[in-house]
Asks: 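Below is a structure I'd like to ask you about.
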Protein chains: 2
Amino acid sequence: MVKFSKKIEYALVALHYLSNNPEAYFSARELSEILNIPYEFLSKTLAKLAKSEILISNHGAKGGYKLNKSPRKITFYQIFASLEEHLNVVECLSNEDEICQRSAVCTIKTPMFQLQNKINELIGNMTLEDWLKFPTFDNAINV
Amino acid sequence: MVKFSKKIEYALVALHYLSNNPEAYFSARELSEILNIPYEFLSKTLAKLAKSEILISNHGAKGGYKLNKSPRKITFYQIFASLEEHLNVVECLSNEDEICQRSAVCTIKTPMFQLQNKINELIGNMTLEDWLKFPTFDNAINV
DNA sequence: ATCAAATCCGATTATTTTAATCGGAATTAA
DNA sequence: TTAATTCCGATTAAAATAATCGGATTTGAT
């Protein structure tokens with residue numbers, strides 16, 4: 001499966017929104033209502049992004065979240081790494097200590113490693129700023 | 001999540017094995033034993049690969065599977081498309097008719113579309129033959 | 001000082017997806 | 001005819017994801 005998790009999807013939607021309003025603080029509640037995303041879930045996601053210093057968070061009244069750096073400096077790789085436990089396409093690339101049952105006959109570890117590198121390169125080079133260039137999908141494709 | 005499903009993983013291991021033995025037919029049972037993959041699961045996966053003409057299948061006694069074309073002509077995209085229902089990183093890229101609850105405020109559809117294209121390009125350009133070039137992981141990396 | 005609006009944190013539950021299994025039917029070489 | 005096979009639909013089991021719950025802590029405003 002190559003589908004992104006909801007965590008990632010919600011994060012990208014929220015980060016994209018915050019990129020367009022880089023100065024103001026938005027609370028998780030606000031964002032969940034504006035963007036139509038379950039509050040409990042979104043708030044955890046935002047907290048993780050804050051922990052990995054992609055967002056700034058302010059506690060208490062009038063608090064909330066905003067970008068911690070320029071969209072140009074926020075890569076997809078950082079976002080993924082902040083939210084997902086493991087980024088690897090196959091487990092054996094991450095858990096070096098656990099022995100795969102197929103390791104004796106498996107010859108795909110190296111090519112998988114190469115593919116992994118290319119994926120990392122792809123999402124490492126794509127930043128939030130790149131996304132700001134695009135018009136909305138509806139304008140660009142559907143109509 | 002960016003992890004490949006077991007379907008994909010098993011398929012890649014089996015296809016890689018068959019690439020190294022392109023003439024002979026191997027039954028699902030044989031492959032499952034050689035490669036240490038659950039038989040029932042692998043046999044379904046191989047059947048799908050045969051249906052999409054990546055493998056040739058022979059019924060009955062002495063039957064089995066072998067590659068239907070040169071490893072050079074088998075891309076990862078073909079393998080993915082054969083095994084997964086949807087290839088898209090987010091649902092809204094595939095289900096044009098289903099309306100996403102966020103569609104009014106979502107601005108990431110176009111950039112997602114771009115990213116999707118890059119991923120498709122990446123796996124569309126990688127063939128089984130590319131994989132045959134690599135030494136085993138253990139030789140290349142660990143030792 | 002108190003209160004209300006926030007983030008943050010751990011745990012639990014619900015849902016969905018993935019993985020594995022089961023029980024055959026159809027095919028084919030020997 | 002038989003044994004070995006692919007193929008097919010359905011079911012079950014396991015795992016991962018998504019959502020929710022119940023607070024604890026922080027902080028600006030009154």
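Excluded from the calculations below are hydrogen atoms, water molecules and symmetry mates; all remaining heavy atoms, backbone and side chain alike, are included. Protein chains get the first letters and strands the later ones, always in sequence-line order, with residue 1 at the start of each.
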Asks: Ignoring the backbone of B:Tyr65, work out which of C:dT7, C:dA19, D:dC7 is nearest its side chain.
Replies: D:dC7
Asks: Which ILVMFWY residues are connected to B:Tyr25, directly or by a chain of links, through side-chain heavy atoms under 4.5 Å apart?
Replies: B:Ile56
Asks: Taking the side chain of B:Ala50 as heavy atoms from C-beta outward, which of C:dC8, D:dC7, C:dA19 is closest to it?
Replies: D:dC7
Asks: Give the rounded distance in Å between these two atoms: NZ of A:Lys6 and P of D:dA18.
Replies: 7 Å
Asks: If you count every heavy atom of other residues, nucleotides or ligands that lies below 6.0 Å from A:Glu53 atom CD, does the total exceed 12?
Replies: no
Asks: Dump every N/O contact between nucleotides 1-3 of chain C and the protein below 3.5 Å, one line per pair.
Replies:
none

Asks: Got a sec, which residues hit side-chain contact (heavy atoms from CB on, under 4.5 Å) with A:Lys69, two or more places apart in sequence or on another chain?
Replies: A:Lys73, A:Ile74, A:Gln78
Asks: Where along residues 21-31 of chain B does a heavy atom come under 4.0 Å from DNA chain D, residue by residue in number order?
Replies: B:Ser27, B:Ala28
Asks: Please report the C-alpha distance between B:Glu129 and B:Ser70 in whole Å, then the side-chain angles of each, then the deciding distance to 0.1 Å, and finally whether the side chain to side chain donor-acceptor pair (under 3.5 Å) criterion is met.
Replies: CA-CA 8 Å; B:Glu129 187 184 54; B:Ser70 157; 5.3 Å; no
Asks: Nucleotides 26-30 of chain C: which of its N/O atoms have a protein N/O under 3.5 Å away?
Replies:
unit_1, atom_1, unit_2, atom_2, d
C:dT27, O4', B:His59, ND1, 3.4
C:dT27, O2, B:Gly60, N, 3.3
C:dT28, O2, B:Ala61, N, 3.3

Asks: Is any side-chain N or O of B:Ser57 closer than 4.0 Å to OP1 or OP2 of D:dC7?
Replies: yes
Asks: Collect all protein-nucleotide pairs involving nucleotides 9-11 of chain D in which both atoms are nitrogen or oxygen and the distance is under 3.5 Å.
Replies:
unit_1, atom_1, unit_2, atom_2, d
D:dG9, N7, B:Lys44, NZ, 3.2
D:dG9, O6, B:Lys44, NZ, 2.7
D:dA10, N6, B:Lys44, NZ, 3.1

Asks: Nearest-nucleotide wise, let me know which of A:Glu40 and B:Gly64 is further upstream toward the 5' end of DNA chain D.
Replies: B:Gly64
Asks: Here's a test for you: under side chain to side chain contact (heavy atoms under 4.5 Å, CB included), which of A:Thr75, A:Asn120, A:Ile123 qualifies with A:Phe80?
Replies: A:Ile123
